[in-house]
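Below you'll find the structure, written out as structure tokens, and then a few comments.
The shown structure was predicted, so the numbers you read here are calculated from the model rather than taken from an experiment.
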Amino acid sequence: KDPPSTHYMLQALVICGTELPHFNAITSEKLHVRISIGLYSATTTSAKNENGLCRWNQHVIIERISFPTDVHQIPDIFIYLIRESDMKPICFKRLKPVTNFKTG
């Protein structure tokens, strides 16, 4: 039997990144941020990596995601830094939803 579930919304304000890695490219590399939880994900538009600084200034929303009512059963949230040239992750941060979800 499946546990009781409810709908959630995941929101993130992606402002900027500093001290980002440089790549051996003739032109500046563009980067994205992808936020994933379970099978759901959202990606920012690209931002130019200017000497290790990217500015996205985007509000990212993943609406109506369905997970168990018990927040301890919700999958972890992953935040990936993605290189635009090959759309492969450069690095990631893993977050526990139980400490990042607001209920009510």
Side-chain angles (χ1 to χ4, degrees):
K1 182 179 177 182
D2 290 334
S5 65
T6 190
H7 289 98
Y8 296 89
M9 176 189 303
L10 178 62
Q11 297 185 66
L13 188 56
V14 182
I15 302 296
C16 69
T18 60
E19 299 182 31
L20 298 173
H22 297 275
F23 303 98
N24 294 330
I26 296 171
T27 59
S28 292
E29 183 75 49
K30 289 187 176 183
L31 302 172
H32 298 264
V33 172
R34 178 179 297 141
I35 300 170
S36 299
I37 182 166
L39 299 175
Y40 305 92
S41 68
T43 305
T44 65
T45 58
S46 64
K48 189 174 179 182
N49 184 351
E50 300 180 64
N51 297 318
L53 174 68
C54 280
R55 291 186 176 93
W56 291 278
N57 296 321
Q58 291 181 32
H59 184 204
V60 176
I61 302 173
I62 306 174
E63 295 189 66
R64 292 199 52 86
I65 53 180
S66 183
F67 287 121
T69 305
D70 178 4
V71 292
H72 296 281
Q73 295 181 23
I74 297 174
D76 290 348
I77 300 165
F78 287 85
I79 302 169
Y80 299 95
L81 183 63
I82 308 282
R83 188 166 37 185
E84 185 177 63
S85 61
D86 56 13
M87 294 305 285
K88 291 187 178 177
I90 299 166
C91 58
F92 72 93
K93 173 69 177 172
R94 184 178 190 168
L95 304 171
K96 295 286 183 193
V98 71
T99 59
N100 293 284
F101 269 50
K102 181 197 262 186
T103 58

How many angstroms lie between atom NE2 of H59 and atom CD1 of I15, to the nearest 0.5 angstrom? 10.0 Å
Could you give the distance from NZ (K48) to CG (L53), rounded to the nearest 0.5 Å? 12.0 Å
Check whether L20 and V33 end up in the same hydrophobic cluster, where Ile, Leu, Val, Met, Phe, Trp and Tyr are linked by side-chain heavy atoms less than 4.5 Å apart. yes
Is a side-chain donor or acceptor of Y40 paired with a backbone partner of I35 at a separation under 3.5 angstrom? no
Show me the donor-acceptor pairs within less than 3.5 Å that the side chains of residues 85-92 make with the rest of the protein, sequence neighbours left out.
residue, atom, partner, partner atom, Å
S85, OG, E29, OE2, 3.4
D86, OD1, K88, N, 3.1

Closest heavy-atom pair, I77 versus P97, reported as atoms and distance to 0.1 Å, is CD1-CA, 4.2 Å
Looking at W56 and L31, would you say the former's side chain and the latter's main chain have a donor-acceptor pair under 3.5 Å? yes
To the nearest 0.5 angstrom, please state how far the NE2 atom of H32 sits from the OG1 atom of T43. 7.5 Å
Could you give the distance from CD (E63) to CD (Q11), rounded to the nearest 0.5 Å? 8.0 Å
Hydrophobic clustering (ILVMFWY, side-chain heavy atoms < 4.5 Å, transitive) - are I79 and I62 grouped together? yes
Looking at C54 and A47, what are the two nearest heavy atoms and their distance? SG-O, 3.7 Å
What distance do K93 atom NZ and D76 atom CG have between them, rounded to the nearest 0.5 Å? 11.0 Å
Is any side-chain heavy atom of Y8 less than 4.5 Å from a side-chain heavy atom of I37? no
Who pairs with S66 by side chain to side chain donor-acceptor pair (under 3.5 Å), at least two apart in sequence or on another chain? none
Can you tell me how far OG of S41 sits from CD1 of I65, rounded to the nearest 0.5 angstrom? 11.0 Å
Count the heavy atoms belonging to other residues, nucleotides or ligands that lie under 6.0 Å from CG of L39, then report whether that count exceeds 12. no
In terms of side-chain heavy atoms, does T44 have a donor or acceptor partner in Q58 at a distance below 3.5 Å? no
